[in-house]
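Down below is the structure, laid out as structure tokens.
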Amino acid sequence: MILKKIFPTRFLLLWYFVFLFVLFSTIVRIIFLIWSFSEADTSFFILGNTFLIGFLFDIGSVSFFAVPYALYLVLFPSKWHGSLVDKCITYVAYTLGLLIFLFSFFAEITFWEEFRRRFNFIAVDYLIYTYEVVQNINESYPIPFLLSGMLILAALLIYFTRKKQVFSKTFASTSSFKEKLIPASIIVAIVAVFSGLVTNNAAEFSENRYNNELAKTGIYSFFAAFRNNELSYPEFYNTIETKHAFSELKKKYQKQGDQFIKEETTSIYRRVNAFDTLPEQRPNVIFIFIESLSASYLNSFGSNLSITPTLDSLANESLFFTNLFATGTRTVRGMEAVTLSIPPTPGRSIVKRKNNQGLFTIGDVFKEKGYTRNFFYGGDGYFDNMNTYFGGNGFNIIDRGRGFLLDKNITTTRTNIEDDEVTFENAWGVADIDIYNKVIKEADKASELDMPFFNFVMTTSNHRPYTYPEGKIDIPSGSGREGAIKYTDYAIGEFLKIAKTKPWYKNTVFVIMSDHCASSAGRQELDVANYLIPGMIFNLPESVSAKISTLASQIDVFPTLFAQLHWKYNSNLFGSDILTTSHSEARAFIGNYRKLGLLKGNKLMVLGDMKKSNFYSWDRESNELKSVPIDTTFFTETISYYQVSDYLYNNEGLKLKSLKNDY
């Protein structure tokens, strides 16, 4: 009786729509729970809270969709109820609403399969790059079947809605304006509360990340990410006095023997000195950045899959880093870490942000030593803003251009990978072997000009839909990640076989590292083990192979290479030489777009938005985090790294122009 007063018959269809949305959202939540049952906290009260909070977020989410039609129901005159106009608007609105939420639920399932999360800023980013994303989805899933299923389901829902006479009762309603005003006011009030008072983070009630994700609603999470894909560090995170933060870091670099060029400024720009008096060496450098390769897939790290024979062999002939951690969970975050040698900043990677050109990168260290700098990518580098970032920071571009032009203000050389150079291609780009063949051609040209080169090579084959040329390995193309990893490894082996026949090979160092792990999902704030990546420096002149167990970050690999080449250079990089870093100073940065972590030994400090922080003891064997009392010294050090990196980006401190003008 009360429900009928609150929702008069004129609102019956809208009530039915809300019911269906909540029902399907709950079904999706149950599917995700079953999918992640071993990781989620399934205790009675936690699970009950998960579904209760999820229900509230479902109501909040569907209210945004309900508001326009609720206002229509209030304002549309009663005498026209059931008219042709009323029926057309109602059927179109209901059908469109069903299709939107059914599509979002289907999309959520594919997103969860890949990332084990609700929609986040990655989903927002993917809206920009329609070609790659649509092609990837088309190659990974039976799209005609899924779309047909969605349309059939929508048609069935409309049919049952009609059969239950929901439409006819809505059209025949004689509800008064006052009666209609009550439910409309409730819906508007719910929207107002969720717009002004409820953030997506409010769903994060548990220490278990999976329960927090299950409690969210996908559509609401998507629009929350759309509004908040960049986070202000000073506004959302713990801070200390800026000068204090810089002072903390400067002490560390001074211990290493670095000399600051201007002591009193808020800057880390300094002169890095070699630890020996040996002459500098300037070999060519080819850097292979492998897509989505977790350390756990290599036999060198204890796997028994035997799908990386090339990398496992190279591990015994290289400086092999066995305790190296990625800074983030996406390729652009890895690119940021490697090129800028900087801890991750909250929100988007600097690679995708504005004001990211003319920065001091490792490319500028190479430039100082007389190198040409080239960025190779098997897809169109328009994706993820890569061409703008690399081209705007002094790299030449070699990619599979699909018609997207560089900004006019970027001065660089762009070389296309032509059709006759491609033997296989999927949504993300050409097969790894094709990009390596292009690297060989460009290396041959540079060698003839007797100019040292630094080639940054981004691979693509180890990415869904995991397709590659047939007949190269014993796992069929498209069968899953293990096949893609084995092909990735095979392609590196073939590349090195050809490279060894070239006159430039003996004078070329190969740096190989993963951009991030295959998955970073876990039930804790940051799943530490899912940031461990392989990294190695191969073919160093006069170097003895060794397994380096010192804790290190992606940001340290190139400063380590520079030290091995005995270089003295000006630096604005945060990274340090891994080989001379003491155990007490060894650290790694791990994070996602909201959580910023500093790992030292078995201790992990995590800075979260809303100025939250947590300190943990990490058990490497079980990969469990145990909360411990905060160490204030550790806390200050963590803040210093992240606050300084954010400060430099937002105050022109990473800009070459600023550094040269000041010094």
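- Note on ring orientation: taking the six-membered ring where Trp is involved, the planes of Phe510 and Phe538 are tilted (angle from 30° to 60°).
- Electrostatic pairing of Glu291 and Arg481 does not count as a salt bridge here, judged by no charged N lying under 4.0 Å from a carboxylate O.
- When ring centroids are compared, Tyr641 and Phe589 come within the 6.0 Å threshold.
- Looking at Arg282 and Glu280, a side-chain N of the basic residue comes within less than 4.0 Å of a carboxylate O on the acidic one, giving a salt bridge.
- Residues Tyr649 and Tyr647 place their aromatic rings such that the two centres sit no closer than 6.0 Å.
- Remark: Arg400 engages Glu425 in a salt bridge, criterion side-chain N to carboxylate O under 4.0 Å.
- For the ring-ring contact (aromatic ring centres under 6.0 Å, His included) criterion with Tyr371, the lone passing option out of Tyr569, Trp567, Phe453, Phe454 is Trp567.
- The aromatic rings of Phe375 and Tyr377 sit parallel to each other, their planes meeting at less than 30°, with 60° as the upper class boundary.
- Taking 4.0 Å as the cut-off between side-chain N and carboxylate O, Glu421 and Lys441 count as a salt-bridged pair.
- When the side chain to side chain donor-acceptor pair (under 3.5 Å) test is applied to Arg333, the partners found at least two apart in sequence or on another chain are Glu336.
- At a threshold of 4.0 Å, the pair Glu448-Lys445 does not count as salt-bridged, since none of the basic side-chain nitrogens sits closer than that to a carboxylate oxygen.
- Side-chain atoms of Thr508 and Asn284 form a donor-acceptor pair, as typed in the model, at a separation below 3.5 Å.
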inquiry  = If you apply the rule side chain to side chain donor-acceptor pair (under 3.5 Å), what do you find for Thr339 with Tyr389, and how did you get there?
reply    = CA-CA 10 Å; Thr339 56; Tyr389 175 75; 2.7 Å; yes
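- Nearest heavy atom pair, residue Asp384 against residue Val351, reads O-CG1, 3.8 Å.
- Lys472 and Glu494 are not joined by a salt bridge, as no carboxylate oxygen comes within less than 4.0 angstrom of a charged side-chain nitrogen.
- Salt-bridge annotation for Lys438 and Asp399: absent, with no side-chain N of the basic residue lying under 4.0 Å from a carboxylate O of the acidic one.
- Ion pairing between a basic and an acidic side chain is recognised when a charged N comes within 4.0 Å of a carboxylate O; Lys486 and Asp432 show no such pairing.
- Dense packing is recorded around NZ of Lys547, with more than 12 heavy atoms of other residues, nucleotides or ligands lying under 6.0 Å away.
- Between Tyr468 and Tyr490, the gap from one ring centroid to the other reaches at least 6.0 Å.
- No cation-pi contact links Lys603 to Phe634, judged by a cut-off of 6.0 Å to the six-membered ring centre and 45° from its axis.
- Partner of Phe456 under the ring-ring contact (aromatic ring centres under 6.0 Å, His included) criterion, chosen from Phe376, Phe366, Phe390, Phe558: Phe390.
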